[in-house]
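Inspection log for the structure reproduced underneath, given as structure tokens.
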Protein chains: 2
Amino acid sequence: MQSHEPLGGARPTSRDVARAAGVSQATVSLVLGEKWRGRVSERTAESVRHAADELDYRPNLAARNLRLGRTRTALLVVPALTNEFFAHVYTGAAAVAARHGFGVVLYPSPDGVGPTRDPFASAQAALDGVIASSMAADALKAFRGTGLPLVMLDSDPADPGAAAHVNLDVADGMRRVTRHLLGLGHRRFLHLASAVPSWTFDVRAAALADALRGTELRTVRAPLNVADAREAAHLALAAPGPRPTAVICDDDILAVGVGKAAHRLGLRVPEDLSVTGFDDMALATAVEPELTTVRLPAEEFGRRGMEALLAVLAGEQAPPVTLPVDLVPRGSTGPAPAV
Amino acid sequence: MQSHEPLGGARPTSRDVARAAGVSQATVSLVLGEKWRGRVSERTAESVRHAADELDYRPNLAARNLRLGRTRTALLVVPALTNEFFAHVYTGAAAVAARHGFGVVLYPSPDGVGPTRDPFASAQAALDGVIASSMAADALKAFRGTGLPLVMLDSDPADPGAAAHVNLDVADGMRRVTRHLLGLGHRRFLHLASAVPSWTFDVRAAALADALRGTELRTVRAPLNVADAREAAHLALAAPGPRPTAVICDDDILAVGVGKAAHRLGLRVPEDLSVTGFDDMALATAVEPELTTVRLPAEEFGRRGMEALLAVLAGEQAPPVTLPVDLVPRGSTGPAPAV
DNA sequence: CCCCGGACGTTATACGTAAAACCTCGGCGC
DNA sequence: GCGCCGAGGTTTTACGTATAACGTCCGGGG
């Protein structure tokens with residue numbers, strides 16, 4: 001039976017609690033801040049806690065942030081909220097953050113290109129630090145030079161603007177894909193790459209070029225959505241000349257688009273055409289056949305990112321990390337069709 | 001050529017700007033706050049703006065929030081970040097918010113059930129108001145009784161705890177689905193419902209029961225993910241007795257699960273089985289055949305929610321809104337198979 | 001007997017901003 | 001010649017918190 005204050009009434013402050021408990025405001029702050037060992041008697045502490053409960057006191061975050069000069073809030077800059085991969089990254093980051101009394105605010109880069117006017121106005125929160133995906137490069141620019149500690153996800157380790165780097169071994173992921181496909185006898189490849197420029201995609205392309213030297217490899221780019229991917233794949237697959245027998249995609253979404261294009265062209269997957277994705281999102285097992293793809297440890301990626309940021313904030317060095325990835329073979333890849 | 005302060009150096013305050021411009025701090029606040037018409041000369045104002053630029057001054061949000069007693073931040077409580085529908089809702093809400101100098105923070109209800117310990121600690125931002133989906137009922141509980149203005153999305157309009165309601169006409173959506181399927185000759189239905197209890201799903205079920213009275217209608221529930229939906233659908237479709245000819249789903253994700261179950265059972269969609277989704281997310285056109293589904297105006301939903309919250313914060317009444325929905329017929333529905 | 005050092009609090013202050021209240025001065029009406 | 005007013009500022013205060021600096025009382029060692 002909580003006694004509710006009148007709804008319009010102002011929220012109680014630590015001074016109100018102090019008055020109710022018959023102590024000074026400073027004592028309330030000490031007790032509630034758990035810094036009172038040996039400074040306040042158990043009896044007094046208890047009465048403060050009781051009064052705080054009674055009044056349903058919650059400290060004013062704005063005042064605390066002002067006083068302490070930090071906010072315990074991190075910003076996660078992601079390319080788009082609709083990208084399921086980053087939902088998992090967020091989950092991981094938020095979990096670690098919560099354990100340290102931190103909160104995580106999301107800043108989704110607007111879908112349209114071009115940098116935003118003022119990210120801070122949008123984020124609206126004072127921040128202690130920023131974690132950003134290299135895929136959100138445009139939105140990111142605005143955060144540079146603000147002096148805020150910056151942890152970069154999947155970006156060039158040589159970038160000096162970042163205080164720490166957490167990467168995924170996407171090059172190895174692509175190598176595993178090629179090994180898998182070469183083992184199935186494929187020799188003519190199409191790489192459906194992301195049209196968004198980003199270090200992580202450059203790395204994939206380079207790894208691919210390296211692993212597939214001596215075979216036929218074409219590259220086509222498309223934005224990260226099914227419709228555009230389908231169009232791009234349709235064009236490439238319907239082109240004159242020998243058709244690739246395997247399409248390697250930078251993302252599951254692109255791979256789904258390829259599947260749709262194949263379907264429209266009357267090509268069976270995987271009998272006529274093998275397709276691979278990247279990320280292993282829910283989408284990968286939603287389609288038929290299920291996608292052979294590269295599984296990325298998305299949640300751990302987010303966790304490591306947040307841990308790196310916390311380390312930086314604590315003044316420590318955060319060594320660069322590269323997380324391993326896995327190939328998940330499924331139904332969308334099969335033996336290369338006999339010529 | 002921006003002259004960067006030493007990186008470790010403290011951020012400049014309005015007092016620093018004042019010193020640089022040779023005026024008092026109050027004047028800086030007036031000028032930068034655009035409240036200086038007739039109070040400060042154009043010359044002085046210009047010199048203040050110049051000094052602020054020079055120092056790369058950004059107001060301290062914590063101090064401002066403390067002073068003003070409000071944060072211009074709204075919280076959007078959603079069931080899960082992986083649900084694409086809410087990504088669009090967020091986009092809409094954030095767009096309106098930005099136009100009014102507001103920011104939007106996301107609070108994704110943890111995937112596991114059970115209320116969270118302290119949402120405020122996680123949100124970490126002082127808030128002016130909350131917009132919440134009825135699908136996140138558990139996380140929502142913690143926000144009740146805080147006196148914070150609450151706008152509910154797709155929830156019982158009779159709920160007195162909310163200051164405003166914005167709904168989607170999901171009942172009409174379901175009626176359109178039934179009309180479509182009845183017109184195709186279907187008479188035996190399976191309703192694959194969401195296992196998450198929520199007003200919006202109750203409404204759908206009721207509308208369905210009402211529109212399909214006189215036909216055969218079974219109901220099965222599944223959590224909102226492909227794997228569980230597939231299992232539930234598999235069981236229901238493989239059960240003895242006459243098989244339903246159409247499966248009506250509460251969500252596109254569920255519909256995709258049904259498609260996979262059908263594939264496994266050797267049933268062709270739509271020749272042997274018609275399937276409908278709900279939401280019209282990207283997923284709906286990612287699968288083959290594409291899903292007949294109900295298109296929800298997700299972005300407008302978010303916009304209206306934010307507008308309602310702004311109205312409430314301005315002390316106005318926000319009349320309840322119900323947004324219309326549309327049926328999008330695609331390849332997953334067809335004429336009922338001849339018995 | 002005096003002084004000293006814990007134990008237990010209190011008083012005072014600073015964080016950076018917004019804005020109310022207050023100053024100063026020159027010009028103008030009467 | 002005096003008062004008043006408006007333009008163009010400045011001084012001051014408050015927001016709520018955390019914490020450094022400062023009492024006060026009491027028991028005990030020298």
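Computed from a predicted model, the values in this text were never measured in an experiment. Residue numbers begin at 1 in each chain, while the letters A, B, ... track the order of the sequences.
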TODO: Return each pair, listed once, that meets salt bridge (charged side-chain N to carboxylate O under 4.0 Å, His left out) where at least one residue sits in residues 25-34 of chain A; pairs must be two or more places apart or across chains.
DONE: A:Glu34-A:Arg37

Open item on the list: Can you work out whether A:Arg70 or A:Ala63 has the more 5'-proximal nearest nucleotide on DNA chain D?
Closed with: A:Ala63

Open item on the list: Per the salt bridge (charged side-chain N to carboxylate O under 4.0 Å, His left out) rule, what does the pair list look like for residues 81-92 of chain B, sequence neighbours excluded?
Closed with: none

Open item on the list: Counting the atoms with a prime plus P, OP1 and OP2 as sugar-phosphate, which does A:Arg64 contact under 4.0 Å by heavy atoms, base, sugar-phosphate, or nothing?
Closed with: sugar-phosphate

Open item on the list: Using a heavy-atom cut-off of 4.0 Å across all strands, would you classify A:Leu66 as base, sugar-phosphate, or nothing?
Closed with: base

TODO: Using a cut-off of strictly less than 4.0 Å between a heavy atom of the residue and any atom of DNA chain D, enumerate the qualifying residues of residues 43-50 of chain A by number.
DONE: none

TODO: Figure out the CZ/C1' separation between B:Arg58 and C:dT17, and round it to whole Å.
DONE: 17 Å

Open item on the list: What's A:Ser41 touching, base or sugar-phosphate or nothing? Going by heavy atoms closer than 4.0 Å.
Closed with: sugar-phosphate

Task: Range on DNA chain D touched by chain B, heavy atoms, distance below 4.0 Å - done: D:dG8 to D:dG16

TODO: Please state how far atom CZ in B:Arg11 lies from atom C1' in C:dC15, giving the value in whole angstrom units.
DONE: 14 Å

TODO: Say whether, by atom type as modelled, one donor and one acceptor occur between the side chain of A:Asp128 and the main chain of A:Ala74 under 3.5 angstrom.
DONE: no

TODO: Examine distances only and state if a side-chain atom of B:Asn167 and a backbone atom of B:Thr322 form a donor-acceptor pair shorter than 3.5 Å.
DONE: no

Task: Neighbours of DNA chain D within residues 13-25 of chain A, by heavy-atom distance under 4.0 Å - done: A:Thr13, A:Ser14, A:Arg15, A:Gln25

Task: Within 6.0 Å of CD in A:Gln317, more than 12 heavy atoms from elsewhere - done: no

- [ ] Quick one: list whatever passes side chain to side chain contact (heavy atoms under 4.5 Å, CB included) with B:Pro197, sequence neighbours left out.
- [x] none

TODO: Look only at the side chain of B:Thr91 and the backbone of B:Ala87, and say whether a donor-acceptor pair between them is shorter than 3.5 Å.
DONE: yes

- [ ] Write down the distance between CH2 (B:Trp36) and P (C:dA20), rounded to a whole number of angstrom.
- [x] 19 Å

Task: Separation between CG of B:Asn60 and OG1 of B:Thr13, rounded to the nearest 0.5 Å - done: 9.5 Å

TODO: Calculate, to the nearest 0.5 Å, the distance between atoms CG and CZ belonging to B:Leu153 and B:Arg304 respectively.
DONE: 12.5 Å

TODO: Answer with yes or no whether the side chains of B:Ser24 and B:Thr27 bring together a donor and an acceptor at under 3.5 Å.
DONE: yes

Task: B:Glu42 with B:Arg49: basic N within carboxylate O range, under 4.0 Å - done: yes

